Undergrad: 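Shown below is the structure under consideration.
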Amino acid sequence: MDMRVTVEEEEGIEIGYSEGTAESYCTEQKKPKVIFMMGGPGSGKALQCERMEERFGLRRVTLADLLCNELQLHSDRGRHLRDVLERGEQLPEDALVELLCEAVAAAVRQGKGLVISGFPRDLRQAEEYEAKMGDPSAVLLLDCSSDIMSRRRQYCGHASSSSSGGHLDRDGASDRRAESFSSDSHPAVAHYERTKLLHRIDAERSPEEVFAQICQVMDSRSTF
């Protein structure tokens, strides 16, 4: 069966796991350097995360990366998650956040920072992560109108279809994901605004101008 996860396509990375809880690695002396990159489908998360990886030496991570890695392991958790997917059921949110916390803990041990694309999707994910690992270093919101994101997806869809013979998104699945992001993410965005961690990035500009804004935020916070 097809067990692909509907997120923006990005390259996977290898992150090791070890025994012990993620909480034990979250200390004042070695606080995780974590950047959350929020944005709807078509906002440019994949490209900007790639540029942050090159410029700041961060590791790019998505929940899809972590899930695929776990499914390839012969662990009890990996088998359980595979069974859930094969039954066509929705994955438990706490399992996905647990995978992320373990990835952050592993990166901290290695002295590496992370940029996590498409996280959190909603307030519940944000609160579950913070309960285990504390606040992220910063949250970047790629602010982009639904109309522009839709045009970008259509352009990419046509280009992909022409070059590879693929199929366009005629059933509007990507538009529904964009609408879902807008409604689901609003409480999380408000939460990070209250905690002064949120930085709105005008993602309707050119990729170069968007990245310049990101660099300004990173430099001003002296995060890395």
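Since we're looking at a predicted model, the values are computed, not measured. All residue numbers in this chain count up from 1 along the given sequence.
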Undergrad: Looking at D83 and R87, does any basic side-chain N land under 4.0 Å from a carboxylate oxygen?
TA: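 Salt bridge: no.
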
Undergrad: Report yes if the side chains of L85 and L71 come closer than 4.5 Å at any heavy-atom pair, otherwise no.
TA: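 Yes. Closest side-chain heavy atoms under 4.5 Å.
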
Undergrad: Kindly say whether I35 contributes a backbone atom to a donor-acceptor pair with the side chain of S137 at under 3.5 angstrom?
TA: no

Undergrad: Looking at I201, V139, L142, which one forms a side-chain contact (heavy atoms from CB on, under 4.5 Å) with M37?
TA: L142

Undergrad: Checking E70 against H80 for the side chain to side chain donor-acceptor pair (under 3.5 Å) test, could you report, in this order, the C-alpha distance in whole Å, the side-chain angles of both residues, the deciding distance, and whether it holds?
TA: CA-CA 10 Å; E70 187 68 24; H80 169 68; over 6 Å; no

Undergrad: How about E89: does its CD atom have over 12 heavy atoms from other parts shown lying under 6.0 Å from it?
TA: yes

Undergrad: Rounded to the nearest 0.5 Å, what separates atom CD in Q48 from atom CD in E53?
TA: 13.0 Å

Undergrad: Return the CZ to CG distance between R151 and D147, rounded to the nearest 0.5 Å.
TA: 4.5 Å

Undergrad: Begin from the C-alpha positions of V189 and L141 and carry the test side chain to side chain contact (heavy atoms under 4.5 Å, CB included) through to its verdict.
TA: CA-CA 8 Å; V189 169; L141 173 63; 4.1 Å; yes

Undergrad: Do the side chains of R124 and E128 get close enough for a salt bridge, i.e. N-O under 4.0 angstrom?
TA: yes

Undergrad: Nearest 0.5 Å, what's the SG-CG distance between C68 and L99?
TA: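 Atom-to-atom, C68:SG and L99:CG are 11.0 Å apart.
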
Undergrad: Thinking salt bridges, do R77 and E102 make one under a 4.0 Å N-O criterion?
TA: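 Judged by the 4.0 Å cut-off on N to carboxylate O distance, R77 and E102 do form a salt bridge.
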
Undergrad: Using the side chain to side chain contact (heavy atoms under 4.5 Å, CB included) rule, take L81 and L67 through it: C-alpha gap first, then chi angles, then the decisive distance, then the call.
TA: CA-CA 9 Å; L81 294 176; L67 176 60; 4.0 Å; yes

Undergrad: Between K45 and S117 (side chain of the first, backbone of the second, donor and acceptor by atom type, cut-off under 3.5 Å), is there such a pair?
TA: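 No; zero donor-acceptor contacts below 3.5 Å.
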
Undergrad: What I'd like to find out is whether the side chain of E93 reaches to under 4.5 Å of the side chain of Q90, using heavy atoms alone.
TA: yes

Undergrad: Between H199 and Q216, is any side-chain donor less than 3.5 angstrom from a side-chain acceptor?
TA: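 Side-chain D/A pair, H199 to Q216: absent.
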
Undergrad: With a 3.5 Å distance limit and no angle check, can you tell me whether R121 reaches the backbone of F181 through a side-chain donor-acceptor pair?
TA: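 Flag not set: sc R121 to bb F181 has no pair under 3.5 Å.
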
Undergrad: Using only atom types and a distance under 3.5 Å, with no angle test, would you say the side chain of R153 pairs donor to acceptor with the backbone of G42?
TA: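 Side chain of R153 to backbone of G42: no pair is present.
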
Undergrad: Any sub-3.5 Å donor-acceptor pair from E204's side-chain atoms to S145's backbone N or O?
TA: yes

Undergrad: When you check the gap from the basic side-chain N to the acidic O, do D143 and R200 get nearer than 4.0 Å?
TA: yes

Undergrad: Could you check whether D65 and T62, counting side-chain N and O atoms only, form a donor-acceptor pair closer than 3.5 Å?
TA: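 On atom types as modelled, these side chains qualify, holding a pair under 3.5 Å.
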
Undergrad: Under 4.5 Å between any side-chain heavy atoms of R152 and C144, yes or no?
TA: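 A side-chain contact under 4.5 Å exists here.
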
Undergrad: Quick one: closest heavy-atom pair of H74 and R79, and the distance?
TA: O-NH1, 2.8 Å

Undergrad: Does any part of the side chain of S206, heavy atoms only, come nearer than 4.5 Å to the side chain of F211, both counted from C-beta?
TA: no

Undergrad: Take R205 and Q213 through the side chain to side chain contact (heavy atoms under 4.5 Å, CB included) test and state the conclusion after the steps.
TA: CA-CA 10 Å; R205 299 188 180 186; Q213 295 175 70; 3.9 Å; yes

Undergrad: List the atom of M38, the atom of A188, and the distance in Å for their closest heavy-atom pair.
TA: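 Looking at all heavy atoms of both residues, the shortest contact is CE-CB, 4.3 Å.
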
Undergrad: I'd like to check the ring pair (Phe, Tyr, Trp, His ring centres under 6.0 Å) partners of F36; sequence neighbours left out, ordered by chain and number.
TA: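 For F36 the ring pair (Phe, Tyr, Trp, His ring centres under 6.0 Å) partners, ignoring immediate neighbours, are F119, Y129.
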
Undergrad: Just wondering, do E208 and R51 contact through their side chains at under 4.5 Å, heavy atoms?
TA: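 They are in side-chain contact.
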
Undergrad: Can you give me the closest heavy-atom contact between L66 and L100, atom names plus distance?
TA: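 Minimum heavy-atom contact is CD1-CA, 3.6 Å.
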
Undergrad: Nearest 0.5 angstrom please: R82 CZ to S75 OG, how far?
TA: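 Interatomic distance, R82 CZ to S75 OG, rounded to 0.5 Å: 10.5 Å.
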
Undergrad: Can T195 and D135 be said to form a side chain to side chain contact (heavy atoms under 4.5 Å, CB included), step by step?
TA: CA-CA 9 Å; T195 57; D135 290 334; 5.5 Å; no

Undergrad: Taking side chain as C-beta onward, heavy atoms only, is I214 less than 4.5 Å from L140?
TA: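 Yes, their side chains come closer than 4.5 Å.
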
Undergrad: Please report the shortest heavy-atom distance between P187 and S183, naming the atom on each side.
TA: CD-O, 3.7 Å

Undergrad: Would a hydrophobic clustering, with Ile, Leu, Val, Met, Phe, Trp and Tyr connected at side-chain separations under 4.5 Å, put L123 with L197?
TA: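 Per the 4.5 Å side-chain linkage, L123 and L197 are not co-clustered.
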
Undergrad: Got a second to check how far L114's CG is from M52's CE, nearest 0.5 Å?
TA: 11.0 Å

Undergrad: Is there a side-chain contact between M218 and R55, using heavy atoms and a 4.5 Å cut-off?
TA: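 Sidechains of R55 and M218: no contact.
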
